[in-house]
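Only one structure is covered here, and it is reproduced in the block below.
Here, residue 1 is the first one in the sequence, and each next residue gets the next number.
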Amino acid sequence: GGLSGFGRPVPPPQTGWERLRELWQRDERQRYPEETVNIIKAAFTAGLVGWLYGGLPAFRSARKSFIERSHGELFQNRADAVQSAHRAGLRSFIRYGWRWSWRVTVFVTIFNMVSTGLSVYRDKTTISHFAAAGGFTGALFRMNLGLPGLAGGFVFGAAFGIPTGGLLMALHSLAGETMQEKRSRERRELYERQLAEWQSRLSVTEVLGQTENNTQGVLKMD
């Protein structure tokens, strides 16, 4: 919640749509909600992991193939041969790394957006949100393969979502509260603080108004 001018503070969002809208709004310190920041962080991490997962084996494989192919070739020296092998590996690292990176990033980002959206909308976190998010994302990735691909993608995604959700919920339980519980608590505390400040300002304004009226009354009597 925030302050609407000098009026009463706006209470925390009550409906699911209001909570979803708040995900893309900055607070008074120009910061995005923690859920939104986590989605961005996860996308970056997924991209990096995907690149390493696809790129490192490709680098080793391309380097090995280059060395096997180039036995009969003439090089100026050993350093030149090693450099050429590294260049071949690096080209594969970039090409295959990128191919995996963007796919993993998109998958993880859609999965996180759907699971976070469901949890924020319903104001609670359950394993079914992660299963639904995984199923939706998997189906989306395989929909170009027709109905069998759609079904296979849904099953694969749900199978990915359930243990992932279980792990995240276990981490939240160690922290003592879920993301939604933490967000609700922070919203409530902020609203109570703003309400106290507003009431304090209101009483000061009333005292000043009363003092001004008394002063004017005394001047009129004089």
Side-chain angles (χ1 to χ4, degrees), residues 13 16-60 90-145 149-150 152-187:
W17 290 115
E18 284 175 347
R19 285 191 293 273
L20 280 177
R21 228 178 10 249
E22 199 185 46
L23 280 178
W24 311 107
Q25 292 171 351
R26 297 183 186 189
D27 62 13
E28 64 277 4
R29 295 183 188 174
Q30 296 301 302
R31 296 176 311 183
Y32 281 107
E34 193 177 350
E35 295 98 328
T36 309
V37 173
N38 285 345
I39 289 171
I40 296 164
K41 283 181 181 175
F44 179 78
T45 306
L48 189 63
V49 169
W51 203 303
L52 293 173
Y53 179 81
L56 287 175
F59 176 86
R60 284 195 294 267
L90 194 60
R91 281 194 296 270
S92 279
F93 177 81
I94 292 168
R95 190 171 71 195
Y96 289 99
W98 165 247
R99 192 178 290 181
W100 272 94
S101 180
W102 77 261
R103 284 182 170 87
V104 175
T105 302
V106 171
F107 186 94
V108 168
T109 303
I110 294 171
F111 172 81
N112 279 332
M113 285 177 74
V114 175
S115 60
T116 301
L118 285 168
S119 297
V120 168
Y121 183 80
R122 298 185 66 203
D123 205 22
K124 62 178 180 179
T125 304
T126 68
I127 201 81
S128 62
H129 296 166
F130 296 100
F136 173 80
T137 311
L140 202 65
F141 261 69
R142 309 291 287 178
M143 65 189 297
N144 61 316
L145 300 175
L150 204 72
F154 182 86
V155 171
F156 166 79
F160 164 82
I162 291 167
T164 304
L167 179 64
L168 290 170
M169 287 176 74
L171 290 172
H172 287 156
S173 69
L174 288 174
E177 57 184 353
T178 66
M179 192 73 76
Q180 270 57 56
E181 287 166 349
K182 183 184 177 186
R183 188 102 177 102
S184 296
R185 176 177 56 77
E186 286 174 349
R187 279 199 203 100

With sequence neighbours left out, the residues meeting salt bridge (charged side-chain N to carboxylate O under 4.0 Å, His left out) with Glu34 are Lys182
Let me have the donor-acceptor pairs involving side chains of residues 104-111, under 3.5 Å, with sequence neighbours excluded, atom names and distances please.
residue: Thr105; atom: OG1; partner: Gly47; partner atom: N; Å: 3.2
residue: Thr105; atom: OG1; partner: Ser101; partner atom: O; Å: 2.7
residue: Thr109; atom: OG1; partner: Thr105; partner atom: O; Å: 2.7

Looking only at atom types and distance, does a side-chain atom of Arg142 sit under 3.5 Å from a main-chain N or O of Leu150, one as donor and one as acceptor? no
Salt bridge (charged side-chain N to carboxylate O under 4.0 Å, His left out) filter on Arg99, not counting sequence neighbours, yields none
Residues Ala131 and Ile162: closest non-hydrogen pair is CB-CG1, 3.7 Å
message = So for atom CZ, which belongs to Phe136, do other residues, nucleotides or ligands contribute more than 12 heavy atoms lying within a distance under 6.0 Å?
response = no
Those residues at least two apart in sequence (or on a different chain) that pass ring pair (Phe, Tyr, Trp, His ring centres under 6.0 Å) with Trp17 are Tyr121
Residues passing the side chain to side chain donor-acceptor pair (under 3.5 Å) test with Tyr53, sequence neighbours excluded, are none
Side-chain (Ser119) to main-chain (Thr116) donor-acceptor, under 3.5 angstrom: no
Heavy atoms of Ser92 and Ala58 approach each other most closely as CB-O, 3.5 Å
Residues passing the side chain to side chain donor-acceptor pair (under 3.5 Å) test with Thr125, sequence neighbours excluded, are Gln180
Residues at least two apart in sequence or cross-chain that pass side chain to side chain donor-acceptor pair (under 3.5 Å) with Thr45, listed by chain then number, are none
With sequence neighbours left out, the residues meeting side-chain contact (heavy atoms from CB on, under 4.5 Å) with Tyr32 are Arg26, Thr36, Val37
Residues at least two apart in sequence or cross-chain that pass side chain to side chain donor-acceptor pair (under 3.5 Å) with Arg122, listed by chain then number, are His129
Residue set satisfying side-chain contact (heavy atoms from CB on, under 4.5 Å) with Ala158, at least two apart, ordered chain then number -> none
Between Thr126 and Met169 the two heavy atoms that sit nearest each other are C-SD, 3.9 Å
